[in-house]
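Heads up, the thing below is written out as structure tokens.
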Amino acid sequence: MSKLFRAVILGPPGSGKGTISERVASSFGLQHLSSGDFLRENIAAKTEAGVLAKTYIEKGALVPDHVMTRLMLPRLEEMTRHSWLLDGFPRTLAQAEVLNSACELDVVISLNIPLETLKERLRHRWIHPASGRVYNMCFNPPRVQGVDDISGEPLIQHEDDKPEALVARLRHYKDVAKPVIDLYRAKGILHMFSDTETDRIWPYVSSLLSTKIPTDLADAQRATTH
Ligand SMILES: Nc1ncnc2c1ncn2[C@H]1C[C@H](O)[C@@H](COP(=O)(O)OP(=O)(O)OP(=O)(O)O)O1
Ligand SMILES: Nc1nc2c(ncn2[C@@H]2O[C@H](COP(=O)(O)OP(=O)(O)O)[C@@H](O)[C@H]2O)c(=O)[nH]1
């Protein structure tokens, strides 16, 4: 059997992790696990970790490392037979160290997007809370303004995407992410992409992954996910 492929995508809120992850999942057949989506599923299902996590997220705080790792590791365990891409985890050095001891990563994609661009994007980000589908009123607007394409339900804006909360949130992200980025750089698996447009970054990410993911693996993964 081909070796399975393990990747992580890092970047501040609004950097395009979700957008690029979706493209990676559909082009290369990797499973995409978003920590934010997985947390929201747990909150909706009122699992023990979900109930706990909700109290932090409501305050705009990060979920503590031990709650996060207790949630994510069993989920990763269920995915051991698949190649995957993690988005939103690890977020802290402690999480990265736990992940390190659980598996060996092949590639870390780091998105480096100017602050002004992030602010502009998040200002226009609207989500469908039940599914986690993300829209941007300029970049990928819904077919009908304010309404989810699939369910027809109303879209909302995250409290913390509103301009007042944004700058502090982005600054905090930077402080927490730096040691994580340094760790992956030291391991020699960090690939940094800098631009203001996802469509300009995507071809580079795609060609990087084409060199790292064996084609037979990509085909096999696609066959199992469709
Ligand atoms: N790895 C993690 N460690 C701690 N808290 C986390 C982690 N991932 C997600 N969270 C928490 C804090 C976030 O505010 C919340 C929602 O996550 P997420 O959907 O990634 O939203 P976000 O708005 O922080 O990032 P983004 O805008 O990049 O999607 O869940
Ligand atoms: N204008 C613009 N918006 C983008 C671009 N890439 C992503 N977006 C939008 O910016 C917002 C943040 O992207 P998302 O993928 O959710 O980023 P994440 O927070 O890192 O997961 C969403 O509303 C996206 O639709 C881009 O190149 N240009």
Side-chain angles (χ1 to χ4, degrees), residues 8-25 32-44 49-50 52-73 75-76 85-99 109-129 131-142 148-149 155-162 165-166 168-174 176-177 180 193-205:
V8 161
I9 186 162
L10 301 175
S15 58
K17 297 183 297 296
T19 306
I20 289 180
S21 297
E22 287 304 320
R23 294 185 190 185
V24 170
H32 165 212
L33 178 59
S34 148
S35 62
D37 290 349
F38 191 50
L39 279 167
R40 283 183 281 274
E41 279 169 33
N42 274 272
I43 291 171
L52 195 54
K54 188 167 185 250
T55 58
Y56 294 91
I57 293 177
E58 278 174 350
K59 287 185 290 196
L62 285 182
V63 177
D65 291 330
H66 68 279
V67 178
M68 236 20 242
T69 50
R70 216 172 56 210
L71 189 72
M72 295 298 282
L73 289 187
R75 182 73 188 93
L76 291 178
L85 170 66
L86 290 182
D87 153 14
F89 182 89
R91 191 109 157 199
T92 64
L93 185 57
Q95 293 176 14
E97 283 166 348
V98 171
L99 182 62
I109 296 164
S110 171
L111 303 176
N112 181 28
I113 313 294
L115 181 66
E116 283 310 311
T117 308
L118 297 175
K119 285 201 271 188
E120 187 57 21
R121 281 184 192 176
L122 293 179
R123 214 157 60 80
H124 295 290
R125 175 160 75 173
W126 289 78
I127 61 153
H128 175 239
S131 67
R133 273 186 287 280
V134 175
Y135 298 89
N136 181 285
M137 290 313 164
C138 315
F139 179 65
N140 63 334
D148 178 48
D149 285 351
L155 301 177
I156 61 148
Q157 222 183 353
H158 273 312
E159 270 310 309
D160 57 5
D161 278 352
K162 294 181 180 164
L166 256 178
R169 188 160 148 247
L170 292 171
R171 187 171 307 126
H172 179 241
Y173 170 84
K174 237 182 169 165
V176 175
V180 179
F193 299 89
S194 306
D195 205 298
T196 54
E197 291 299 325
T198 296
D199 287 345
R200 279 204 297 264
I201 289 177
W202 169 242
Y204 291 96
V205 171

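In listed order, ligands and their atoms are each counted from 1.
- Within the listing of ligand 1, atoms 7 (C), 8 (N), 9 (C) sit less than 4.0 angstrom from a heavy atom of Ser35.
- Within the 4.0 Å heavy-atom criterion, both parts of Leu62, backbone and side chain, lie near ligand 1.
- Closest to atom 22 (P) of ligand 1 among all protein heavy atoms lies Arg169 NH2, 3.5 Å.
- For ligand 2, the atoms closer than 4.0 angstrom to any heavy atom of Pro12 are 20 (O).
- The distance from ligand 2 to the heavy atoms of Glu197 drops below 4.0 Å at these ligand atoms: 26 (C), 27 (O), 28 (N).
- The contact set between ligand 2 and Thr19, taken as ligand atoms under 4.0 Å from a residue heavy atom, comprises 7 (C), 13 (O), 14 (P), 15 (O), 24 (C).
- When Arg91, Arg125, His158 are checked for heavy-atom proximity to atom 27 (O) of ligand 1, Arg125 turns out nearest.
- Protein heavy atom at the shortest distance from atom 17 (O) of ligand 1 is Gly36 CA, 3.6 Å.
- Of all the heavy atoms of Tyr135, the ones lying under 4.0 Å from any atom of ligand 2 belong exclusively to the backbone.
- Considering backbone and side-chain atoms alike, Leu122 places every N or O at 3.5 Å or more from each N or O of ligand 2.
- Per-residue contacts place Gly14 under 4.0 angstrom from the following atoms of ligand 2 (heavy atoms of the residue considered): 12 (C), 17 (O), 18 (P), 19 (O), 20 (O).
- Shown in contact with Pro13 at under 4.0 Å from a heavy atom are these atoms of ligand 2, numbered in order with element: 19 (O).
- Of the protein's non-hydrogen atoms, the one nearest atom 5 (N) of ligand 1 is Val63 N, 3.0 Å.
- In terms of protein heavy-atom proximity, atom 14 (O) of ligand 1 is nearest to Asp160 OD2, 4.3 Å.
- Remark: ligand 1 atoms within the under-4.0 Å shell around heavy atoms of Arg40 are 16 (C), 19 (O).
- For atom 28 (O) of ligand 1, the nearest non-hydrogen atom of the protein is Lys17 NZ, 2.8 Å.
- Near Asn140, meaning under 4.0 Å from any of its heavy atoms, are these atoms of ligand 2: 25 (O).
- Ligand-side atoms of ligand 2 in range of Val134: 16 (O), 22 (C), 23 (O), range being under 4.0 angstrom from any heavy atom.
- Contacts of Gln95 with ligand 1, taken as heavy-atom pairs under 4.0 Å, involve the side chain alone.
- Of all protein heavy atoms, the one closest to atom 30 (O) of ligand 1 is Leu39 CD1, 3.3 Å.
- For atom 1 (N) of ligand 1, the nearest protein heavy atom (residue, atom name, distance) is Gly88 O, 2.8 Å.
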